[in-house]
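Written out below as structure tokens is the structure these notes cover.
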Amino acid sequence: MENIVFPQGFLWGAATAAFQVEGATEVDGRTDSIWDEFCRQPGKVVGGDCGEPAADHYRRFEQDVAMMADLGIKAYRFSIAWPRVRPDGGKVNQAGLDFYQRLIDSLLAHDIVPWPTLYHWDLPQKLEEMGGWANRDTAFRFADYASATVEALGDRVGTWTTMNEPWCSAFLGYAGGIHAPGRTEPAAAVAAVHHLLLAHGLAADTIRAAQPDAKVGITLNMYPIIPVDPGNPADLDVARRLDGLQQRIFLDPLLRGEYPADILEDLEPFGFSEHIKDGDLGVISGPMDMLGVNYYTEHYVSSTPNGEAGPSPWVGVQHASFPPRDAPMTDMGWEVRPDGLTAVLMRVHQDYPRLPLYITENGAAFRDDFSGNGAIDDVDRTGFIASHLRAAHAAIEAGVDLRGYFCWSLLDNFEWAEGYAKRFGIVHVDYDTQIRTPKMSARWYSRVARDNALVAVS
């Protein structure tokens, strides 16, 4: 442990997302997002849960910021709700902007770096009714939203993230139907991929024009894709396709200015190339100052059908299954594979133009057990974070320019289609009383941030 010291200036943060923590869904002019509508559809969200009250962060942010300061957290990655700032995708709503001004002012007063994300999946429902991300015009509406937000907040923000995990927005939302808006249209999903990337590029240009000194990036969820049988051509092909849809379809246009040729061919039956207009890739591949990496697990894939029918997020992949291996599992049913984080960071470092990397999400859902004195000794979650910090440090030792780590999540929250059934927070939230209780993982992470080094789990 004493040798696992992180580089000077390494940024220790925690992360949340607007719809998952804010609550106050009908307050101060906010209108519906696609997730508000999705939650109303029977059977879409576990328990019929919705974004109200979530962790009531909208009303309790001062308490939450003070708690972060007490824990020694140096940066707060949060998202800005498009339906608050430009309700229905329309005119600017000053009351919505005022909330984020108050939040940022509070963070700065506590010496916590604000690290906002412009889009974490809460598209205004009115824009979805006009086609959503399958409609090219949505990319330009996003640039308008970015412009208004940066104009209001840019004097206090040094780093902007445009998008969080566009893979989820496009493929879970428009092909698999697992996330909002719940569509199962493969052609719409591949259109959404391009329009999300175009929206990133347009917003990045807007930010640079308004705030030339700002740092701009995007966050991608990345996973090693491992074929079950490397000697089986069918397994290799499925792994190639999934890697293309999960990683390369985003990394290549962003960092190389082109889509992967094999993926263009795979997606031709769905009309993907028809959405790519002259000049789009130049916009998408504009300079980036950093890349956020979200990491949770690996994908172990087989070409053998698993017998399940129904829509799949893996557009163009006829058969793909994910057989379990002998490994610990989180409460989400995800394998605990810290070495995969090292592999992901090394891949970006080796295969793409060098740029600073940040781990913008990493954490785990586990069931929390209260001890007799009211403490929450979440040993599994603490161990998960510790093992992944070792993996991150291994990447740094191998030459990766990794500059920060944001644990997911600061607070227990609304976990999308899982509702409130899963808890990722290092701080427990009692949803009935909204009482916050830092868990063992929070107390341990506080010491890590203070020492800038991995410390023993105790």
For this session: Test Y358 against every option in W12, Y295, W115 by the ring pair (Phe, Tyr, Trp, His ring centres under 6.0 Å) rule and name the one that passes.
Result: W115
Exercise. Does the gap between the ring centers of W35 and W416 come in under 6.0 Å?
Worked result: yes
For this session: Applying side-chain contact (heavy atoms from CB on, under 4.5 Å) between W408 and each of N413, T360, I359, report the one that passes.
Result: N413
Exercise. Taking the six-membered ring where the residue is Trp, are the ring centres of Y420 and Y431 under 6.0 Å apart?
Worked result: yes
Exercise. Quick check: does any side chain N or O of T433 sit under 3.5 Å from a backbone N or O of I435, one acting as donor and the other as acceptor?
Worked result: yes
Exercise. Do D378 and F366 come within less than 4.5 Å of each other through their side chains, counting heavy atoms only?
Worked result: no
For this session: Check the pair T297, V336 against side-chain contact (heavy atoms from CB on, under 4.5 Å), reporting the backbone distance first and the verdict last.
Result: CA-CA 6 Å; T297 190; V336 178; over 6 Å; no
Exercise. Quick one: do D331 and R381 make a salt bridge, cutoff under 4.0 Å?
Worked result: no
For this session: Determine whether Q350 and L345 make a side-chain contact, defined as any pair of heavy atoms from C-beta on separated by less than 4.5 Å.
Result: no
Exercise. For the residue pair F38 and H179, is the inter-centroid distance of their aromatic rings smaller than 6.0 Å?
Worked result: no
Exercise. With side chains defined as the heavy atoms from C-beta onward, is the minimum distance between L11 and F406 less than 4.5 Å?
Worked result: yes
Seminar exercise, completed: Per side-chain contact (heavy atoms from CB on, under 4.5 Å), S441 is matched among T382, D368, I376 by T382
Exercise. Less than 6.0 Å separating the ring centroids of W121 and W167?
Worked result: no
Exercise. Quick one: are H393 and L454 in side-chain contact, heavy atoms under 4.5 Å?
Worked result: no
Problem set entry | N362 vs Y405, side-chain hydrogen bond (donor to acceptor under 3.5 Å, both in side chains): CA-CA, chis, key distance, verdict | CA-CA 8 Å; N362 177 246; Y405 176 94; 2.7 Å; yes
For this session: Could you tell me whether the side chain of N232 reaches within less than 4.5 Å of the side chain of S303, counting heavy atoms only?
Result: yes
Exercise. Is any side-chain heavy atom of D266 closer than 4.5 Å to a side-chain heavy atom of R240?
Worked result: yes
For this session: Start with the C-alpha distance between T219 and T117, add both sets of side-chain angles, then the distance that settles side-chain contact (heavy atoms from CB on, under 4.5 Å), and finish with yes or no.
Result: CA-CA 9 Å; T219 286; T117 297; 5.6 Å; no
For this session: Output yes when K215 and D289 qualify as a salt bridge under the 4.0 Å nitrogen-oxygen rule, no when they do not.
Result: no
For this session: Begin from the C-alpha positions of Q125 and S33 and carry the test side-chain hydrogen bond (donor to acceptor under 3.5 Å, both in side chains) through to its verdict.
Result: CA-CA 5 Å; Q125 174 61 22; S33 74; over 6 Å; no
For this session: Any pair with a residue in residues 39-68 that passes ring pair (Phe, Tyr, Trp, His ring centres under 6.0 Å), sequence neighbours left out, goes on the list, sorted by first then second residue, please.
Result: H57-Y76, Y58-F99, F61-F99
Exercise. Should the pair H194 and Y259 be assigned to parallel (<30°), tilted (30 to 60°) or perpendicular (>60°) ring geometry?
Worked result: tilted
For this session: Could you tell me whether the side chain of Y445 and the main chain of I385 form a donor-acceptor pair under 3.5 Å?
Result: no
Exercise. Does the distance from a Lys or Arg side-chain N to an Asp or Glu carboxylate O, for D243 and R241, drop under 4.0 Å?
Worked result: no
Exercise. Would a line drawn from the ring center of F19 to the ring center of H120 be shorter than 6.0 Å?
Worked result: no
For this session: Decide if the gap between the ring center of Y300 and the ring center of F322 is smaller than 6.0 angstrom.
Result: no
Problem set entry | All pairs passing ring pair (Phe, Tyr, Trp, His ring centres under 6.0 Å) where residues 232-254 contributes a residue, at least two apart | none
Exercise. Do the side chain of T342 and the main chain of A391 share a donor and acceptor less than 3.5 angstrom apart?
Worked result: yes
For this session: For the residue pair E37 and E128, establish whether any side-chain heavy-atom pair is separated by less than 4.5 Å.
Result: no
Exercise. Is there side-chain contact between W160 and I207, with at least one heavy-atom pair below 4.5 Å?
Worked result: yes
